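The residues of the chain are indexed from 1 along the displayed sequence. The structure displayed is predicted, hence computed values, not measured ones.
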Amino acid sequence: MDLKQLLLKDAMIMDLKATTKEEAIEEMVDKYYQVGVINDKDLYKSDILKREAQTSTGIGDGIAMPHARDKAVQRATVLFAKSAKGINFDSLDGQPAFLFFMIAAPDGADNLHLQALAALSSLLINPDLVANLKKATTADEVQKLFDDAMAAKEAKDKADEEKQAAKDAAAKAAEASGSTEDQKPYVVAVTACPTGIAHTYMAEAALKEQAEKMGIDIKVETNGSEGVKHKLTAAEIRRATGVIIAADKKVDMPRFDGKHLVNRPVSDGINKAEELINLATEQKAPIFHAEGGAAANDEESTESKSLWSKIYADLMNGISNMLPFVVGGGILMAISFLLESSVGAHSQWFLFFNNVGNYAFSFLIPVLAAYIAVSIGDRPALLPGFVGGYMASQATASVVSSKSPAGFIGGLLAGFIAGWTVVYLKKALKNLPKSLDGLKPILLYPVLSLLIVGALMYFAIDPVFAVVNHAITAFLESMGTGNAVILGTLLGGMMAVDMGGPFNKAAYTFAIGTFTATQNGALMAAVMVGGMIPPLAIAIATTFWKNKFTEQERQAGLSNYVLGISFITEGAIPFAAGDPLHVIVSSVIGAAIGGGLTQLWGVNVPAPHGGIFVTPLANKPLMYLLAVIIGSVISGVIYGLWKPAKKAEEVEK
């Protein structure tokens with residue numbers, strides 16, 4: 001692709017006036033509108049901001065590349081802008097951005113903006129070009145710099161292709177003759193990132209440039225948004241001294257079986273190219289074994305990824321697959337509560353929406369556990385993860401009976417137990433005769449993993465939560481209802497601790513029991529308010545602290561407004577699973593305050609469910625709503641302020 005055709009002189013801004021990221025985006029979008037590149041500023045700006053919410057396009061080294069593709073764009077264009085003082089663009093290296101490349105592509109541009117990003121990325125790895133762009137004062141200078149850079153790159157690429165062809169021919173001849181004389185060390189690499197292909201191609205360029213300086217031959221396969229390019233052949237992999245994986249997503253790994261392999265985040269491919277090449281050429285990286293772990297996160301090939309990075313990735317796999325069940329089931333249940341107030345609890349319309357929503361909710365914990373397990377142990381872990389999660393979602397009648405399930409905490413444990421059980425089963429069975437390989441996925445892995453996970457859940461995890469539930473219930477019963485404010489505070493806080501687990505269920509069951517026996521709905525008001533606050537707090541935080549959440553989290557946060565007012569605490573589970581400390585602590589504080597306020601103000605709600613839809617039944621409806629609002633705002637503000645901004649490697653994922 002010819003980048004010169006996209007870099008328009010009349011769309012350049014040589015002295016950006018903006019001082020903030022928002023102002024910079026606004027100024028560049030205005031410029032596009034002025035020169036006729038876009039015909040709808042609001043639409044294009046909205047899509048730019050959506051992209052920024054997913055991952056900051058401030059790629060580091062003083063460069064930002066915001067981009068969008070939509071129907072507002074009239075022609076594919078790259079807008080160049082520069083700021084003398086620099087702007088905080090939430091860049092991945094935390095440094096201000098001085099050079100900006102805003103890429104606009106029409107809706108049907110056939111990935112033109114992705115190609116432009118790739119072309120830009122491969123050029124901007126050159127520090128001389130970046131330095132010269134910072135000094136440029138006119139649009140003509142900028143265009144000439146890119147013309148020269150593109151010409152130089154095209155010439156170099158052509159020369160490199162000729163050299164590579166000669167090297168490949170020599171290598172084949174040497175391999176055929178068995179000679180190894182005069183051969184340079186040879187390394188193969190794969191670069192990949194799931195979003196924003198800039199990192200994929202910058203890592204490719206950095207590895208190639210460093211290898212050339214070190215006198216080492218290298219071939220880099222790119223696995224970005226455009227798909228796989230420069231795919232490595234079996235012969236090239238066989239010839240390689242070592243393998244480098246600079247990736248933040250899974251790539252095709254079994255082909256590297258038996259090779260010394262170093263696996264790092266894609267950012268290391270950009271910033272630590274020399275270190276990675278040394279590890280590969282000196283064969284200091286572990287040998288990768290495809291049997292028992294044919295994935296990019298195999299424990300023997302991820303020696304440099306932190307434990308938390310691996311746990312976080314596994315959690316996110318479970319949470320992202322669980323979210324549709326939370327949102328779909330929760331919204332239908334909310335509709336059912338709305339219908340109940342007008343058509344009654346025995347109406348087929350109420351029963352239909354409520355039952356379908358409940359059916360979806362019955363899969364929350366099993367799906368969470370199953371896909372955490374799959375992220376760790378691949379497909380064979382699906383069965384034990386699903387069953388372990390289901391056991392955690394049901395009140396157990398195992399060695400210790402309980403009226404409460406282990407909940408999402410038990411589901412998290414089930415997912416990780418199932419995943420690692422399969423990982424170790426693969427290792428334990430790897431030396432079986434080859435004739436039994438076909439039995440592993442259809443017999444040995446399913447039976448043994450289910451037996452092990454089922455036993456741990458039945459004899460250990462579920463009984464522990466059963467004992468916890470029994471102790472909590474006994475404690476609540478011993479308190480009585482004498483000190484109403486303290487009891488309301490305790491019940492409200494308990495509703496937010498585990499969102500469906502022993503604490504939540506014990507508090508709700510205690511309030512239901514009291515209501516059934518006395519027809520006094522005071523404690524129902526406390527648990528109802530406490531249960532509404534966690535999802536509402538998350539909704540508030542994702543609304544007012546948008547930059548701390550991904551686009552998927554922000555969308556899920558919006559649905560939590562509906563789930564919260566409907567008394568569906570489970571809407572907070574995906575957030576609590578991914579960030580338990582900040583979510584649970586902030587939720588408990590607000591829920592406890594809300595529950596206590598209902599008792600301080602003498603609020604009584606004679607209904608077992610319904611959220612704000614049963615407000616007309618309350619003896620003090622305004623006080624009931626005020627308790628919800630105060631608790632939700634307190635929790636939302638604590639969570640929003642306390643939640644840390646995402647680290648660069650987490651954002652890139």
Side-chain angles (χ1 to χ4, degrees), residues 365 392-393 395 402-412 464-517 520-538 563-564 567-573 575-577 580-600 603-605 607-611 624 627-628 630-632 634-636 638-639:
I365 307 304
S393 71
S402 173
K403 296 180 180 179
S404 172
F408 90 87
I409 297 176
L412 290 175
V464 166
F465 282 95
V467 171
V468 170
N469 180 57
H470 179 75
I472 295 169
T473 304
F475 171 71
L476 289 175
E477 290 174 348
S478 69
M479 285 192 67
T481 57
N483 195 325
V485 175
I486 293 177
L487 187 58
T489 301
L490 184 62
L491 290 174
M494 288 172 63
M495 292 297 292
V497 170
D498 51 6
M499 302 162 195
F503 285 87
N504 177 285
K505 284 294 186 288
Y508 186 70
T509 303
F510 180 75
I512 286 286
T514 302
F515 174 58
T516 303
N520 185 330
L523 297 184
M524 283 309 309
V527 298
M528 198 102 70
V529 168
M532 285 191 278
I533 285 171
L536 287 173
I538 286 166
L563 302 181
F567 185 40
I568 301 174
T569 316
E570 288 84 351
I573 288 179
F575 292 84
L581 175 65
H582 299 103
V583 172
I584 293 175
V585 172
S586 58
S587 294
V588 167
I589 293 172
I593 292 172
L597 287 176
T598 63
Q599 304 309 293
L600 179 66
V603 179
N604 187 311
V605 180
H609 62 74
Y624 175 57
V628 174
I630 291 174
S632 300
I634 289 173
S635 285
I638 292 173
Y639 180 39

Roughly how far, to the nearest 0.5 Å, is the [atom2] atom of [Y] from the [atom1] atom of [X]?
{"X": "M532", "Y": "F567", "atom1": "CE", "atom2": "CZ", "answer": "7.5 Å"}
{"X": "L412", "Y": "I573", "atom1": "CG", "atom2": "CD1", "answer": "9.5 Å"}
{"X": "L536", "Y": "S635", "atom1": "CG", "atom2": "OG", "answer": "9.5 Å"}

- Test side chain to side chain contact (heavy atoms under 4.5 Å, CB included) applied to A525 - qualifying residues, sequence neighbours left out: T598, V603, V605

If you look at every heavy atom in [X] and [Y], which pair is closest and at what distance?
{"X": "P534", "Y": "T569", "answer": "CG-CG2, 4.0 Å"}
{"X": "A392", "Y": "G410", "answer": "CB-C, 3.6 Å"}
{"X": "A627", "Y": "I533", "answer": "O-CD1, 4.3 Å"}
{"X": "N604", "Y": "G521", "answer": "OD1-N, 3.1 Å"}
{"X": "G530", "Y": "A591", "answer": "O-CB, 3.6 Å"}

- Message: Go through it in stages, so that I can follow the logic: the residues are Y508 and M528, the test is side-chain contact (heavy atoms from CB on, under 4.5 Å), and I'd like the CA-CA distance, side-chain angles, deciding distance and then a yes or no.
- Response: CA-CA 8 Å; Y508 186 70; M528 198 102 70; over 6 Å; no

- Message: Run the side-chain contact (heavy atoms from CB on, under 4.5 Å) test on L523 and Q599 for me, step by step, so that the C-alpha distance in whole Å, both residues' side-chain angles and the decisive distance to 0.1 Å come before the verdict.
- Response: CA-CA 8 Å; L523 297 184; Q599 304 309 293; 4.0 Å; yes

- Message: Would the distance check show the side chain of S586 and the main-chain N or O of V583 forming a donor-acceptor pair, the cut-off being under 3.5 Å?
- Response: yes

- Query: Listed by chain and number, what are the ring pair (Phe, Tyr, Trp, His ring centres under 6.0 Å) partners of Y624, not counting sequence neighbours?
  - Reply: none

Would you mind writing out the side-chain donor-acceptor pairs for residues 487-498 within the sub-3.5 Å range, not counting sequence neighbours?
{"unit_1": "T489", "atom_1": "OG1", "unit_2": "V485", "atom_2": "O", "d": "2.8"}
{"unit_1": "D498", "atom_1": "OD1", "unit_2": "N504", "atom_2": "N", "d": "2.9"}
{"unit_1": "D498", "atom_1": "OD2", "unit_2": "F503", "atom_2": "N", "d": "2.9"}

- Item | Worked verdict on T514 versus N520 for side-chain contact (heavy atoms from CB on, under 4.5 Å) | CA-CA 7 Å; T514 302; N520 185 330; 5.7 Å; no

- Message: Checking H609 now: which residues fulfil side-chain hydrogen bond (donor to acceptor under 3.5 Å, both in side chains) with it, not counting sequence neighbours?
- Response: none

